[in-house]
Amino acid sequence: MTNPAIIFRPTAPFDFNLTAGYLTYFRGQYGSDSLDDGAYRRLLDLQGKLVLATVRCLGTVDAPELAVELAGDSLTPAGGEAAALRVSWLLGADAPLNDFYALAQADPVMSGLTVQFRGLHLPHTASVFEALVLAVLGQQISTNVARVIRTLLIETYGPRQTIGGATYFAFPRPETLAAASVEELLRLKLSGRKAEYIQGIAQVAAERDAGLESLQELPDDAVVARLTALRGVGLWTAQWALVRALGRPDVFPAGDLALRRAVSRLYFGGATVEERQAEEFSRRWSPWRTYATLYLFTALRLGVAV
DNA sequence: ACCCAGGCATTGG
DNA sequence: CCAATGCATGGG
């Protein structure tokens with residue numbers, strides 16, 4: 001069954017194709033998300049109910065309007081509202097980009113990126129759990145390998161729903177991964193250690209009632225302290241959770257090799273940039289370092305001047 | 001056959 | 001406190 005579309009307005013400027021493209025790594029399909037012919041699709045897991053959201057942009061970058069169409073079981077009006085809120089969060093629709101753009105004016109390189117990628121918002125994950133698991137499985141390995149493993153994880157353990165002849169996957173639930181043995185997880189081409197990490201994180205997320213999802217009120221430092229107490233979660237992983245799951249605006253994961261490479265090429269003529277140096281350099285973008293991170297990564301992914 | 005990749009925990013100075 | 005090491009796997 002399909003319900004009438006729900007319309008909502010993101011904060012302008014909002015470039016739908018660029019934002020959903022970033023979310024799918026500019027590959028059309030990435031894990032649980034797809035962007036196909038102007039339609040962003042994701043199977044939402046709303047309190048255990050699976051709902052396929054199909055999102056299209058009706059307006060322009062400066063007057064954006066998104067239409068969310070829902071399909072799935074037992075849709076209620078309240079469910080429709082929750083689905084629209086979830087979609088809005090996933091696409092980072094409320095980001096105050098203009099504040100970041102104003103700050104970037106003082107920096108010709110970053111300013112250039114904000115012009116090229118004008119309207120790119122920061123996509124979020126549906127949960128802290130999802131952000132942590134994705135970050136852990138991406139530790140140290142190349143993005144290609146991470147993509148293979150992520151796909152295996154989602155298609156092996158994610159809740160699935162077939163709609164209109166196509167099968168869609170939501171991100172695996174904590175209780176599912178907590179119930180899987182480390183031995184089973186090893187079949188996902190994870191290292192033994194990462195299988196343990198993910199299993200442990202899933203147990204924490206599943207057992208303590210929403211312990212991982214109650215970090216919203218804590219300041220960044222406290223969130224990092226809480227998360228790095230988990231085995232397998234270091235500063236880099238915790239920072240990605242701050243960025244992806246909590247949408248904190250002033251985070252710069254200076255330990256990230258690719259991020260430092262982008263800084264090196266764009267600002268230091270390719271010379272090696274150490275973590276400490278990158279952290280100091282990033283202060284020029286505070287209090288909007290998260291968006292600087294996003295735009296630098298986009299430059300990398302699209303191969304723009306990097 | 002190597003070496004590296006969007007880290008981390010562990011071990012040994 | 002800092003350096004070295006192993007980790008799974010796909011691509012160069």
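We name chains A, B, ... by the order of the sequence lines, and we start the count at 1 in each one.
Nucleic acid contact class of A:Leu190 (heavy atoms, under 4.0 Å, all strands): sugar-phosphate only. Among the protein residues, A:Arg187 comes within range of no part of the nucleic acid, since none of its heavy atoms lies under 4.0 Å from any strand. Among the atoms of the strands shown, only primed sugar atoms or phosphate atoms (P, OP1, OP2) are found under 4.0 Å from some heavy atom of A:Gln139. Within 4.0 Å (heavy atoms only), A:Val233 reaches sugar-phosphate atoms of the nucleic acid but no base atom. The residue A:Ser191 sits close only to the backbone: its heavy atoms come under 4.0 Å of sugar-phosphate atoms, none of a base. Across all strands shown, A:Ile141 has heavy atoms under 4.0 Å from base atoms, whether or not it also approaches the sugar-phosphate.
Between A:Leu230 atom CG and B:dG7 atom P there is a gap of 19 Å when expressed in whole angstrom units. Counting to the nearest Å, the P atom of B:dA5 and the CG atom of A:Leu257 are 5 Å from each other. What separates CD of A:Gln140 from P of C:dC7 is a distance of 12 Å, to the nearest Å. Rounded to a whole Å, the CG atom of A:Leu185 is 14 Å from the C1' atom of C:dA8. For the pair A:Tyr197 OH and B:dG7 P, the computed distance is 13 Å after rounding to whole Å. Between A:Leu188 atom CG and C:dC7 atom P there is a gap of 19 Å when expressed in whole angstrom units. The distance between atom CD of A:Gln199 and atom C1' of B:dA9, rounded to the nearest whole Å, is 18 Å. Summarising the geometry, the separation between CG on A:Asp256 and P on B:dA5 is reported as 12 Å, rounded to the nearest angstrom.
The side-chain heavy atoms of A:Arg284 and A:Tyr267, taken from C-beta on, include a pair separated by under 4.5 Å.
Of the two residues contacting DNA chain B, namely A:Thr228 and A:Ser142, the nearest-nucleotide position lying further toward the 5' end is that of A:Ser142.
Seen from the ring of A:Tyr30, A:Arg147 does not count as a face-on cation partner, given the 6.0 Å and 45° thresholds.
Note: A:Phe117 and A:Tyr22 fail the aromatic proximity criterion, with ring centroids not under 6.0 Å apart.
One C1' atom belongs to B:dG6, the other to C:dA4, and the distance between them is 22 Å to the nearest Å. Rounded to a whole angstrom, the distance from the C1' atom of B:dC3 to that of C:dT5 is 16 Å. Using C1' as the reference atom, C:dT9 and B:dA1 are 16 Å apart when rounded to the nearest Å.
With no hydrogens or angles considered, a side-chain donor-acceptor pair links A:Ser282 and A:Arg289 at under 3.5 Å.
The side chain of A:Ala258 lies closest to B:dG6, out of C:dG10, B:dG6, B:dA9.
The backbone N or O of A:Arg248 sits less than 3.5 Å from a side-chain atom of A:Thr290, completing a donor-acceptor pair.
Between B:dA9 and A:Arg231, no contact under 4.0 Å exists linking OP1 or OP2 to a side-chain N or O. Neither OP1 nor OP2 of C:dA8 sits under 4.0 Å from any side-chain N or O of A:Lys194. Using a 4.0 Å cut-off, some side-chain N or O of A:Thr237 falls inside it from OP1 or OP2 of B:dC8.
The aromatic rings of A:Phe100 and A:Tyr291 are tilted relative to each other, their planes meeting at an angle between 30° and 60°.
For A:Arg301 and B:dG6, a side-chain-to-base donor-acceptor distance below 3.5 Å is present, hydrogens and geometry of angles not being considered.
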